Protein chains: 2
Amino acid sequence: MAKPILHSYFRSSCTWRVRIALAFKKIDYQYEAVHLMKDGGEQFTQEFIDLNPMKEVPVLVVGDQALHQSVAILEYLEEKYPQPALLPSDLVARAKVRAVVETITSGIQPLQNLRVLLKLKDEADRGPWAKHWIASGFIALEEMLKRTSGKYCYGDVVTLADVCLVPQVYNAQRFGVDLAQFPTITRINSELLQLEAFKESSPANMPDCQ
Amino acid sequence: MAKPILHSYFRSSCTWRVRIALAFKKIDYQYEAVHLMKDGGEQFTQEFIDLNPMKEVPVLVVGDQALHQSVAILEYLEEKYPQPALLPSDLVARAKVRAVVETITSGIQPLQNLRVLLKLKDEADRGPWAKHWIASGFIALEEMLKRTSGKYCYGDVVTLADVCLVPQVYNAQRFGVDLAQFPTITRINSELLQLEAFKESSPANMPDCQ
């Protein structure tokens, strides 16, 4: 089978999740840049909508199938390439890791993404809106991670929770959230950023980074 | 082990997802009502925050563990009680089902939930905001389901996609979204509502329904 093709935008935090998992599992893939701003957004071309009706990156093309939605892709990669694992084996532990994932991917990121900010009537509200939802989500996340973390989000091994945390902290920094309130999140993020998979997949290292 | 305890609010669409899976898998559980409005919201009591720092239902207590985030709970139930299955066995098929799940649980529901609506400055914007995000998500979902559906969202067997679809259609109806634009969604929803697991778990049949 040909290499998977990842349709990506360097700054997309949802796509960074997938890039981390691909790098962590050492899966070779082809990078296809989709510019979310240029010419009104390349995700709105009919060619792209045929790949993903949600008009979003990431899309991972495997064989003749286009997979979309980042957590669905992460679960696919975990099932297709189980080693190195990004989920623990114990069922309750898996549920706790997935709860961290979902707190970020359903509870925080959707509320601060660009299409939502653009829908706010008053442009001056965009920054404060994003900061509010990130900070209030991080209050819960900090409490969750106090209970589950070791070196990383769940004990001392890298999991899908970590894969989602780092891109969300990156967004928090872009929006100017004060991270001093969240010592556990900050500590784990720093640990993770020392790992090769997180470094090599970062926005700054993508070919389309401006 | 004692029966699982589900902390639920009858009208919570995220909790309905879990109730459907429990009913479909015929898992006996104890129902614990959490009134999201009474006395400012019972989810804000310290006792509840100890269970779930996100201050949301659902919470499923199994043994001495409190699981939260609805999709994490659904994945747990699927792993703990694999039959009857709510995910297909083929890996790409699982990814397609999970993409439908995530389109609803990350792409639509978070944008129309109560805490987000309450954050909009102008009260008159709340209804239109919810309708906008549901309708624009449903445009993508309709296209996705045209490609994958048979009798239900993915072929002719009930999956996690169906478990998430019905509560989202219920929300769409509450907000007055015109469903005539979405014939595939409407048809699948009608099919599903004939199934016992979807009927018995519905908001109208919950003990805390007013």
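Side-chain atoms are counted along with the backbone in the values below, which use heavy atoms only and exclude waters and symmetry mates. Order of the sequence lines fixes the chain letters, A, B, ..., with proteins taken first and strands second; residue numbering starts at 1 for each chain. None of these values were measured; they are calculated from a predicted model.
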To check you understand the geometry: which heavy-atom pair defines the closest contact between B:A140 and A:P53, and what is its length? CB-O, 3.5 Å

Greatest number of heavy atom pairs closer than 4.5 Å to chain A - which of [options]:
| options | value |
| --- | --- |
| B:S136, B:G107, B:G137 | B:G107 |
| B:R147, B:K121, B:E102, B:R94 | B:E102 |
| B:E142, B:K96, B:Q109, B:E143 | B:K96 |

Side chain to side chain contact (heavy atoms under 4.5 Å, CB included) partners for A:R115, two or more places apart: A:M54, A:E56, A:N113, B:L111, B:W133

Do any of residues 63-87 of chain A come closer than 4.5 Å to chain B, heavy atom to heavy atom, and if so which ones, in number order? A:Q65, A:A66, A:L67, A:H68, A:Q69, A:S70, A:V71, A:A72, A:E75, A:Y76, A:E79, A:K80

Among residues 11-50 of chain A, those lying within the under-4.5 Å heavy-atom range of chain B are A:I49, A:D50

B:D122, part contacting chain A, at a heavy-atom distance under 4.5 Å: side chain

Verdict with supporting geometry, A:T105 and B:T105, side-chain contact (heavy atoms from CB on, under 4.5 Å): CA-CA 9 Å; A:T105 64; B:T105 64; over 6 Å; no

Need one label for A:D125: side chain, backbone, both or neither, based on atoms under 4.5 Å from any heavy atom in chain B. side chain

Rounded to the nearest 0.5 Å, how far apart are CD1 of A:I139 and NZ of B:K55? 6.5 Å

Listed by chain and number, what are the side-chain hydrogen bond (donor to acceptor under 3.5 Å, both in side chains) partners of A:Q112, not counting sequence neighbours? A:Q168, A:N171

Greatest number of non-hydrogen atom pairs under 4.5 angstrom with chain B, of A:L141, A:V97, A:V116, falls to A:V116

